Structures are given as structure tokens and as C-alpha cells.
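Working notes for the structure below.
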Amino acid sequence: MGLTKAEPEGGIEMETVRFGLVGYKFMGKAHSNALARIGMFMSPDFGVERRVLCGRDPKGLADAVARFGWTEGETDWRRMVARDDLDAVDITAPSDAHAVIALEAAAHGKHLFCEKPLALTLADGRAMLEAAERHGVRHQIGFNFRFAPAVQLAKRLIDQGRIGRIFHFRGLYLQDWIIDPSFPRVWRLDKAVAGSGSHGDLGAHIIDLARFLVGEPARVIGMNRTFVTERPLVEEMTGLSGRAAADAPMGKVEVDDATLFLAEFDNGALGSFEATRFAQGHRNAMSFEINGSLGSLRFDVERINELQFFDAADGEGTQGFRTIQCTEGGHPYMSAWWPAGHPIGYEHTFVHELYEFCRSIVHGRPASPGFGEGVACSRVLEAVDLSIQRKAWVEVAGL
Ligand code: SOE
């Protein structure tokens with residue numbers, strides 16, 4: 001699958017990755033912004049083109065095409081993925097559409113980027129991975145927090161052995177946007193569309209970070225709760241907001257509002273995971289702490305530029321968690337942005353992940369994290385669900 005050769009600019013031929021994007025709400029906006037920033041900040045040896053934006057509502061789509069800088073709008077994703085003037089398809093549609101779009105786009109030889117969770121089921125995720133591999137296309141899943149420089153530093157310190165043998169991983173993803181029972185049943189609360197609630201939407205991120213930084217959860221046991229079991233059916237929704245008519249009919253909520261679980265990792269470390277949308281006061285608080293024999297690390301997305309590091313090698317009287325500002329040129333991606341000390345934010349993690357995805361396409365190498373990481377995450381998600389049903393530990397490897 002060749003890439004277009006843009007018109008030589010000053011005699012330098014650039015390859016251009018031409019994107020189709022499915023979805024223009026919250027994640028579609030984040031991805032549109034990211035694709036627009038790559039050329040300006042990441043100084044790539046390739047171009048990135050926002051060619052076709054796809055969405056169901058013609059009016060909303062036309063507005064998004066204009067505001068997010070896309071060349072065209074398309075209401076039929078099947079027509080879009082069949083186009084021969086696209087190299088990559090980026091899927092930010094609700095989770096129930098991930099597999100069907102990815103399978104068809106792969107069959108048309110399109111490189112694939114897909115938001116998390118990979119699919120509604122482990123089986124669908126496996127089918128997406130198999131199709132991408134069979135059709136020889138690059139594939140990457142949107143675990144964007146891996147691309148925060150502070151998380152990359154945590155990975156580097158762990159790989160260097162700076163915190164030694166790991167005993168604990170503690171992951172939290174706390175939100176509170178649906179604590180009001182009158183908040184309507186948007187797609188993230190509809191089991192048929194989202195598959196799960198906080199578990200797949202938020203838990204997926206902390207599971208992925210645990211796998212990225214600590215190891216493989218080998219066995220898990222969990223519990224969950226749906227605190228509000230019915231909500232007004234939604235008229236119109238966007239991202240995390242929604243509006244329901246005063247006399248809207250009510251619909252059952254069958255997804256989890258909170259899921260907590262324990263894990264034993266393959267390397268003997270212990271893990272605790274909490275994903276909830278009912279943590280009053282926490283709008284989007286994702287954090288983790290890792291404790292080892294030689295030190296500890298703490299990360300909190302609300303302080304996304306910082307990594308807290310406790311180094312047991314520090315002398316008596318000088319020990320304590322130090323705060324490392326990961327805003328200097330030596331930290332991954334930071335030299336692309338601003339001078340030392342100027343912080344970046346949540347949206348920059350999307351720029352970094354999509355930049356790496358484009359590089360994998362242009363340089364012909366596997367993208368990371370690939371769909372295989374999404375499948376591994378889905379195995380943990382499903383093992384936890386099984387453990388809740390069985391009220392017993394479940395071995396992840398068996399799935
Ligand atoms: C909604 O809970 C959401 O947008 C998630 O879907 C994202 O993955 C997370 O980063 C922010 O919150």
C-alpha cells in the first residue's frame with residue numbers, strides 16, 4: 001500500500017499519510033487536533049492529510065469538517081474506507097462499531113488506528129488483530145497515556161532497575177460526570193454500544209499502563225456496581241454530555257458505574273485497580289503508584305507533566321518523593337514543543353501517539369501499542385467480568 005508522494009516542495013519529495021476519521025465528537029475532536037499538530041510541531045519527514053471525516057449527522061458533520069480542518073465529509077463509513085485515496089482509517093466511533101469498521105478497512109488495505117477499548121468482546125478484538133495482520137496493515141490502539149513524557153520516564157526508570165523488584169501497582173481512574181441520576185443514558189452507558197461502563201472505558205487505561213510498566217496480570221478477582229439502574233433515554237449526545245427531554249422515557253442501565261479488582265502479576269507483584277464514574281469531585285483523575293524494592297513512582301494525569309520518584313538510594317535525612325518536571329528537551333517529544341519548563345497537556349498525548357502511528361506507516365514497521373496490546377487488555381477486562389460472575393479468582397491466561 002503505497003503512500004502518495006506530495007508535490008515536491010523545494011525538490012524534497014515528502015510522503016503524505018492521508019487519513020479518514022470515523023467520529024467527530026470528543027475523541028474525533030482530539031484526533032483531528034492531533035493530526036493537525038503533527039506537521040507543525042513534530043517536524044516529520046512526511047505529511048499528514050485530514051482528507052475525509054465521517055459521521056452520521058450531516059449537519060454536525062459539516063460543522064466538524066469546517067472547524068476541524070478536514071477536506072471532505074462522508075456519512076457512509078463503508079464508502080469512505082473503500083476509497084483509494086486514503087492510506088489510514090482512524091476509528092473513534094462508539095465501541096460497538098470498532099470491529100466492523102476495522103475489518104472492512106483492513107480488507108481495503110487501510111492502516112488502522114482504533115480508540116480503546118479495542119472492541120466489545122475479546123473475540124472481536126482478536127478478529128481485528130488477525131485481519132490487520134492478514135492484510136499487512138499497520139495497527140495501533142489509542143492507549144494515549146503511554147505517550148505522556150512522565151509515563152515514558154516511569155517506563156525508563158523501571159527498565160533501568162531504578163525501583164528494583166516491583167511489589168505493588170495501584171491504579172485509579174476516577175470520574176464523576178454521571179453521578180446525577182437525571183443524566184441521560186448516553187452511548188457510554190448503553191451496554192449494546194459500549195459493552196461495559198467504567199470498566200472498559202477507564203479500566204482499560206489503567207490495565208494497559210500496568211501491562212506497559214509492570215507486567216502481565218496473571219489472575220484477577222473483581223467486583224462492580226451500577227449505582228443508578230435507569231436513566232432518561234437521550235435525544236442528542238456529544239462526548240460526555242447529553243440532553244434528554246423532560247418527559248423522556250427511562251431506559252435500563254446495564255453497565256458498571258464502578259469496577260474494582262485485584263490482580264496478581266506474572267512476576268509476583270500485586271495490583272489493585274479502581275475505575276469509577278461516581279467519585280464525586282474527580283473529573284478525570286487517572287493516577288498510578290508503583291512500589292519497588294529500591295523506590296517508588298507516582299503519576300497523576302491532573303499533573304500530567306510530573307513524575308514523583310522516591311529513590312531509596314537517597315541518603316538518610318534526604319529521602320522523600322521528588323517531583324520531576326518532565327518538560328525538558330531530554331524527555332520524549334518535549335523538544336518538539338516549547339523551551340524547558342513549559343508544560344504540555346492531555347491533548348499532546350494524542351499528538352504523540354498519532355505521530356508514532358504515522359511513522360510506523362511511513363517507515364514500514366509495526367506500530368505500538370498494536371492491536372495485540374488491545375487484545376491483551378480485553379483478556380484482563382473479560383477475566384475480571386468472569387471473576388465477578390463466579391465470585392472467584394480467574395486465570396487470565398485461560399481466555
Ligand atoms: C470518557 O470516560 C473518556 O473520554 C474516556 O473514553 C477516555 O479514554 C479518557 O481518556 C477520558 O474520558
Side-chain angles (χ1 to χ4, degrees), residues 1-4 15-24 27-28 30-32 34-35 38 44 46-55 70 74 76-144 146-147 195 200 204 208 349-378:
M1 183 65 195
L3 293 169
T4 46
E15 293 189 327
T16 296
V17 184
R18 301 161 300 173
F19 273 85
L21 170 62
V22 184
Y24 59 86
M27 284 297 122
H31 287 221
S32 297
L35 294 172
I38 290 171
F46 53 81
V48 177
E49 186 182 335
R50 284 160 283 150
R51 182 163 286 201
V52 184
L53 181 61
C54 184
W70 289 83
E74 171 58 74
D76 178 343
W77 67 262
R78 293 183 192 280
R79 211 169 20 226
M80 183 181 86
V81 303
R83 290 174 63 139
D84 58 9
D85 63 343
L86 296 178
D87 305 298
V89 170
D90 184 357
I91 305 167
T92 70
S95 308
D96 63 330
H98 290 184
V100 65
I101 296 172
L103 296 180
E104 184 131 349
H108 287 287
K110 306 305 180 212
H111 303 294
L112 299 172
F113 193 101
C114 186
E115 264 299 332
K116 36 54 61 183
L118 188 59
L120 286 190
T121 66
L122 178 54
D124 283 353
R126 284 182 164 136
M128 292 165 71
L129 172 59
E130 188 278 331
E133 294 290 325
R134 177 159 36 89
H135 292 290
V137 297
R138 306 294 166 212
H139 49 89
Q140 188 170 327
I141 180 170
F143 287 130
N144 59 296
R146 288 188 180 209
F147 295 88
D208 177 66
T349 64
F350 293 88
V351 181
H352 302 159
E353 67 176 356
L354 281 158
Y355 165 60
E356 295 298 353
F357 174 61
C358 291
R359 289 181 73 203
S360 74
I361 295 170
V362 171
H363 300 300
R365 61 167 184 246
S368 178
F371 283 2
E373 306 293 338
V375 167
C377 180
S378 295

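Quick caveat, the model's predicted, so the values are computed rather than measured.
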With a 3.5 Å distance limit and no angle check, can you tell me whether [X] reaches the backbone of [Y] through a side-chain donor-acceptor pair?
| X | Y | value |
| --- | --- | --- |
| Asn144 | Thr349 | no |
| Lys110 | Leu86 | yes |
| His139 | Ala367 | no |
| Thr92 | Val22 | yes |

[Y] and [X], any side-chain heavy atoms less than 4.5 Å apart:
| X | Y | result |
| --- | --- | --- |
| Val52 | Leu21 | no |
| Phe113 | Glu353 | yes |
| Ser368 | Phe143 | no |
| Tyr24 | Ser32 | no |
| Asp90 | Phe357 | no |
| Leu129 | Glu133 | yes |
| Val17 | Glu49 | no |

Which heavy atom of [X] sits nearest a heavy atom of [Y], and at what distance?
| X | Y | value |
| --- | --- | --- |
| Val100 | Trp77 | O-CH2, 3.6 Å |
| His98 | Pro117 | ND1-O, 2.9 Å |
| Asp76 | Cys54 | C-SG, 3.9 Å |
| Trp70 | Arg50 | CE3-C, 3.1 Å |
| Thr121 | Asp124 | OG1-N, 3.0 Å |
| Leu354 | Ala34 | CD1-CB, 3.6 Å |

Ignoring hydrogens and geometry beyond distance, is a side-chain donor-acceptor pair present between Gln140 and His111 at under 3.5 Å?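 There is no such pair between these side chains.
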Hey, what do you get for CZ (Arg359) to CZ (Arg138), rounding to the nearest 0.5 Å?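 Arg359 atom CZ to Arg138 atom CZ measures 13.5 Å (nearest 0.5 Å).
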Supply the atom-to-atom distance Arg51 CZ to Leu35 CG, rounded to the nearest 0.5 angstrom.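 If I round to the nearest 0.5 Å, the distance is 13.5 Å.
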Does the distance from a Lys or Arg side-chain N to an Asp or Glu carboxylate O, for [X] and [Y], drop under 4.0 Å?
| X | Y | value |
| --- | --- | --- |
| Glu130 | Arg126 | no |
| Arg78 | Glu104 | yes |
| Glu373 | Arg146 | yes |
| Arg83 | Asp85 | yes |
| Arg79 | Glu74 | yes |

Determine, using ring centers only, whether Phe19 and His31 are less than 6.0 Å apart.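 No, too far apart.
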With side-chain contact (heavy atoms from CB on, under 4.5 Å) as the test, pick out the partner of Met128 among Val375, Leu118, Ile101.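 Of Val375, Leu118, Ile101, side-chain contact (heavy atoms from CB on, under 4.5 Å) with Met128 is met by Leu118 alone.
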Check against side-chain contact (heavy atoms from CB on, under 4.5 Å), Tyr355 and Phe350: CA-CA 8 Å; Tyr355 165 60; Phe350 293 88; over 6 Å; no
